[in-house]
Amino acid sequence: MVDVPRLRFAPSPTGYLHVGSARAVLFNWLVARRTGGEMLLRIEDTDAERNRPELTDNILETMEWLGLGWDGEPVHQSRRLDLYRDAAEKLLAAGRAYWCDCTAEQVQARAKERGGPPGYDGFCRERGLERGPNTALRFRTPDEGTTSFDDIVRGHVAFENAVLEDFVLLRSSGMPTFLLPNVVDDADMGITHVVRGEEHVNGTPKYLLLSEALGLGYRPVFAHLPVLVNAQRKKLSKRRDSVSVADFRAEGYLPEAMVNYLALLGWGPPDGVEIRPLSEIVELFRLEDVNSSPAFFDVKKLQAFNAEYIRALDADTFVERARPHFTHGDATTEVLRPMAELVRDRVRLLSEVEPMVAFLRDDEVQVDDDSWQKGVVKLGDRGVAMLEAAHRRLGSCEWDRDAIEAALREAAVEAGFVNPEGHAQMSKAQSPVRVATTGRSVGPPLFESLVVLGRERTLDRLEKARERL
RNA sequence: GCCCCCAUCGUCUAGCGGCCUAGGACACCACCCUCUCAAGGUGGCGGCACGGGUUCGAAUCCCGUUGGGGGUGCCA
């Protein structure tokens, strides 16, 4: 039988999918795709206290949005509890586990008393306790020897068994904790490559010891990915940092930009070409090339990628993809369509699209104070003259892009915006007209904007601005 | 405290003993283009943490120091 690589992503439904997990999904997915293997999905919901079942949907939906699907049906640990209990019984029967009734307080108190390292001290190892209402089952770690493994990204990693404390297998509630189901399922699901975050490195010897004690004869290949950190170089945390992939989606990031960017955290293509389709990344990606040092999640660079991906969209696709971000669906779509390319080349996020064309949609224009001061008031008499000249000339010209440009250039000359060569100085002259009609000092090209705005509203807004001065 | 890991421009990375006067990308700065803003073009700023080895030769290998991170839960 040929060994088909089999990977897995194993989230616990205690939070939304964040960028760190998304990167883990991606790398697992890439390996599966590249090697012709599969990536399975396992929901690690053994913590009844913290589980939020509805979050599973968010995680799955977000993975689909990213375009990183999984193979087969998701496995839920909460539906396989018998498997873990059987495994626990086996360990107990083999003398590799024992019952313990110590409370967390007692464990801490003893650690403090002896002045040694924190953690469980093996107090109940020889007490011969029976299962009771307040007993947890602990794994008895070896006192001697070392446990080591070869990590694809980190090389050889070794631990003295003596530093491994006797960890909990079954809570007093009877529910298993992380490690036991993790090992049992990986073996049961035939996982060949365990690709996960660096935070799991220290748990790996326990994982291996468990596998051995269970007589599973199971030993996957490990690859521990570097953590993603914030600007303070701390591991990204859901509490401190805004890292929910669903939030990025809501802000108007494209999944292809997100995935492309994520691939570059801890890995780089050999030819240095950073922006490229996922299909190419699949071809190039190798776990052996993954870094082992922490990577900063740089939103600025993500935005740059996003802008580039947006610019690569054709006009219709751009409108369709921006549409879900509109608060006034059809109305915004209508005014955006004729301006699509011009707007598309100016936004970094899809959420920026609607504000950029709102002046075309709404009856009244909201004039930004700062823009008003800098773009109109500051120009003094010439600003007034420009508004008046523009109003007059736009009142009688044809209504197309070139005619509007010609009219405004003439208005500029009339209002005194002339350069040494005697030509209209449009960079300055356009500003009062722009602010009066669009409400802002920056935005899509003015002439095209006015075409869509229409003569009536344009003249009306120029007049209102004039009156306001 | 103990255990494990990490260390190339501000950031993400290329580099796997000579091709390195260290390449690219993002960010930043300047100029060009230009109806604003973008985009684009050109140029610039900027890095092998430090100290020892090994070697004819080290960003690349080894050791130490320093700095950073992760873990140390009846969370995952």
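We name chains A, B, ... by the order of the sequence lines, and we start the count at 1 in each one.
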Quiz prompt | A/Arg196 to A/Tyr207, cation-pi by 6.0 Å centre distance and 45° axis angle | solution = yes
Taking OP1 and OP2 of [N], is either one under 4.0 Å from a side-chain nitrogen or oxygen of [X]?
| X | N | value |
| --- | --- | --- |
| A/Arg138 | B/C74 | yes |
| A/Arg348 | B/A38 | no |
| A/Thr46 | B/A76 | yes |
| A/Asn291 | B/U13 | yes |

Quiz prompt | Pairing residues for A/Val168 by the side chain to side chain contact (heavy atoms under 4.5 Å, CB included) criterion, not counting sequence neighbours | solution = A/Ala136, A/Arg138, A/Thr177
Under-3.5 Å N/O pairs linking protein and nucleotides 70-72 of chain B:
| unit_1 | atom_1 | unit_2 | atom_2 | d |
| --- | --- | --- | --- | --- |
| B/G70 | OP1 | A/Lys235 | N | 3.0 |
| B/G70 | N2 | A/Asn202 | OD1 | 2.9 |
| B/G70 | N2 | A/Asn202 | ND2 | 3.0 |
| B/G71 | OP1 | A/Lys235 | NZ | 2.9 |

Taking the [atom1] atom in each of [N] and [M], what is the distance between them to the nearest angstrom?
| N | M | atom1 | answer |
| --- | --- | --- | --- |
| B/C35 | B/A30 | C1' | 23 Å |
| B/G44 | B/G53 | C1' | 39 Å |
| B/G69 | B/C33 | C1' | 46 Å |
| B/G1 | B/A22 | C1' | 41 Å |

Quiz item: Between A/Ser173 and A/Glu160, which is nearer to the 5' end of RNA chain B once each is assigned its nearest nucleotide?
Solution: A/Glu160
Exercise. Map A/Ser293 and A/Thr103 onto RNA chain B by nearest heavy atom, then report which one ends up closer to the 5' terminus.
Key: A/Ser293
Look at all strands and tell whether [X] reaches a base, only sugar-phosphate, or nothing, counting heavy atoms closer than 4.0 Å.
| X | answer |
| --- | --- |
| A/Ala412 | nothing |
| A/Pro226 | nothing |
| A/Ser172 | base |
| A/Asp45 | nothing |
| A/Glu341 | nothing |

Practice problem: Evaluate the side-chain proximity of A/Leu262 to A/Val25: yes if any heavy-atom separation is below 4.5 Å, no if none is. | Solution: no
Review item, nucleotides 41-46 of chain B N/O atoms under 3.5 Å of protein N/O:
none

Exercise. Indicate yes or no: does A/Glu256 engage A/Arg321 in a salt bridge with an N to O separation below 4.0 Å.
Key: yes
Exercise. Measure from the side chain of A/Asp289, starting at C-beta and using heavy atoms only, and say which of B/C6, B/C12, B/C16 lies closest.
Key: B/C16
